[in-house]
There are 2 protein chains.
Amino acid sequence: MSTLSTAELRMPVVAASAVREFARGGYHGTTIADVARDARISPAYVFKLFPSKERLFVAALDDCFERILETLAAGADAAADQGPDAVLDAMGGAYAELISDRTLLLLQVHAQSVADIPEIGQALRAGLKRVTRFAKTRSGASDSAVQRFVAYGQLCHLIVTAGIDTVPDEWATILSHGIRHPA
Amino acid sequence: MSTLSTAELRMPVVAASAVREFARGGYHGTTIADVARDARISPAYVFKLFPSKERLFVAALDDCFERILETLAAGADAAADQGPDAVLDAMGGAYAELISDRTLLLLQVHAQSVADIPEIGQALRAGLKRVTRFAKTRSGASDSAVQRFVAYGQLCHLIVTAGIDTVPDEWATILSHGIRHPA
DNA sequence: CGGGAGAGTGAGTGTACAGTCACTCTCATG
DNA sequence: CATGAGAGTGACTGTACACTCACTCTCCCG
């Protein structure tokens with residue numbers, strides 16, 4: 001095989017593969033070989049680009065939050081009404097659409113589950129910090145409205161990961177009611 | 001070593017060990033040997049009591065929800081004001097106290113992360129069904145109040161797993177404000 | 001006392017995986 | 001064309017782990 005790329009160009013591609021694969025299997029349930037296969041490179045080369053599995057996961061998580069922030073910004077900008085609550089609502093809609101393919105949602109849940117690994121916990125907090133601050137400053141909503149925004153986001157994560165949206169039962173509709181199409 | 005117990009008595013003890021160990025390491029990050037060590041039996045005997053690691057995890061999760069239900073019931077009974085919102089609030093307080101040692105909280109987060117394993121997803125939904133139904137019927141609160149109850153519970157899980165309660169920064173207080181002592 | 005049921009284990013087996021290393025191949029430059 | 005920097009890999013290592021099996025030991029019942 002010939003030289004197709006530089007390490008600088010290859011890294012974000014591998015990070016994107018890591019997002020997909022870690023979202024599918026979680027940290028412990030995903031192998032370097034899985035990511036390498038998705039990125040069409042050898043497992044050995046993954047270790048040339050990232051020093052360890054932990055750092056690869058962190059790169060994936062950073063990418064995940066980067067995309068979320070972009071989406072929230074776009075959603076906020078597209079809001080017809082630029083009042084605080086309307087902007088927050090528009091962000092919620094944009095987020096719901098973003099995670100309709102489940103990948104970024106699952107990665108966050110997996111990250112929560114291995115947040116006791118110091119570097120991962122730190123990356124998770126950094127991402128949440130960015131999301132919280134952006135939601136607050138861009139919308140100008142009250143602290144409690146921002147808190148509610150995040151809380152219902154977490155509920156949405158639960159609904160999708162547990163497959164509650166596919167349960168046609170009353171308890172399931174209580175939890176899912178009004179949550180925007182986690183299709 | 002002598003015969004100390006019957007399988008029937010041993011099973012719940014091992015399940016309790018499984019709750020502790022799986023809460024610590026998650027499904028993929030915990031070995032049967034870890035659980036066996038905690039329960040002071042050999043790894044081989046764990047497989048005499050439970051047919052597979054998956055089923056052991058399910059047993060742990062069932063135990064976890066059993067304890068949560070008991071706690072919610074006790075909290076509700078102890079409420080001075082038996083109005084719907086007051087009962088729900090009392091349940092929230094009891095839950096906050098229950099998960100102050102993080103074990104049951106972490107197990108739920110780990111369960112969410114491996115809910116794509118069919119048996120585990122099923123057990124998770126069964127637990128959530130019990131919690132949701134109990135919260136609704138025992139309190140008599142509105143659907144949206146019950147939904148809010150669960151949503152803020154999930155926010156609480158995020159705060160604890162990500163260690164947000166230890167961050168002395170404004171974004172962290174926005175998320176943590178009013179959440180009862182996740183110490 | 002003989003035997004059988006059930007508690008409990010030691011010693012494996014097969015496999016999978018994080019990380020390493022010596023190596024090749026390509027290409028730009030002097 | 002020589003060389004060297006950097007892209008990329010095959011083959012390996014050491015270890016860890018889910019699960020199995022043949023076995024022992026104890027105690028109860030006839």
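In what follows, every chain begins at residue 1, and chains take the letters A, B, ... in the order their sequences are listed.
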Quick one, which residues of residues 18-28 of chain B touch DNA chain C with a heavy atom under 4.0 Å? none
Could you pull out all residues at least two apart from B:S42 that satisfy side chain to side chain donor-acceptor pair (under 3.5 Å)? none
Which of these, A:L98, A:I68, A:I99, sits in a side chain to side chain contact (heavy atoms under 4.5 Å, CB included) with A:L105? A:I99
What is the distance, rounded to the nearest whole Å, between atom CD1 of B:I32 and atom P of D:dC19? 7 Å
Go through the structure and list residues passing side chain to side chain donor-acceptor pair (under 3.5 Å) with B:T173, not counting sequence neighbours. none
Value in whole Å for how far the P atom of C:dG6 lies from CE of B:M11: 16 Å
Output all residues satisfying side chain to side chain donor-acceptor pair (under 3.5 Å) with A:D63, sequence neighbours left out; order by chain, then residue number. A:R67
The side chain to side chain donor-acceptor pair (under 3.5 Å) partners of B:E66 (sequence neighbours excluded) come to B:R130
Positions of residues 43-54 of chain A (non-hydrogen atom under 4.0 Å from DNA chain D), listed by number: A:A44, A:Y45, A:K48
Salt bridge (Lys or Arg N to Asp or Glu O under 4.0 Å) pairs touching residues 69-83 of chain A, sequence neighbours excluded, are A:D77-A:R138
Has B:R10 got a side-chain N or O lying under 4.0 Å from the OP1 or OP2 atom of C:dG8? yes
Which residues satisfy the side-chain contact (heavy atoms from CB on, under 4.5 Å) test with A:D169, sequence neighbours excluded? A:V167, A:W171, B:K129, B:R133
Here the distance between atom C1' of D:dT9 and atom CZ of A:R40, to the nearest Å, is 17 Å
Between P on D:dA16 and CG on B:D34, what's the gap in Å once rounded to a whole number? 12 Å
At under 4.0 Å between heavy atoms, what does B:S42 touch on the DNA or RNA strands: base, sugar-phosphate, or nothing? base
For B:R125, give me all partners under salt bridge (Lys or Arg N to Asp or Glu O under 4.0 Å), at least two apart in sequence or on another chain. none
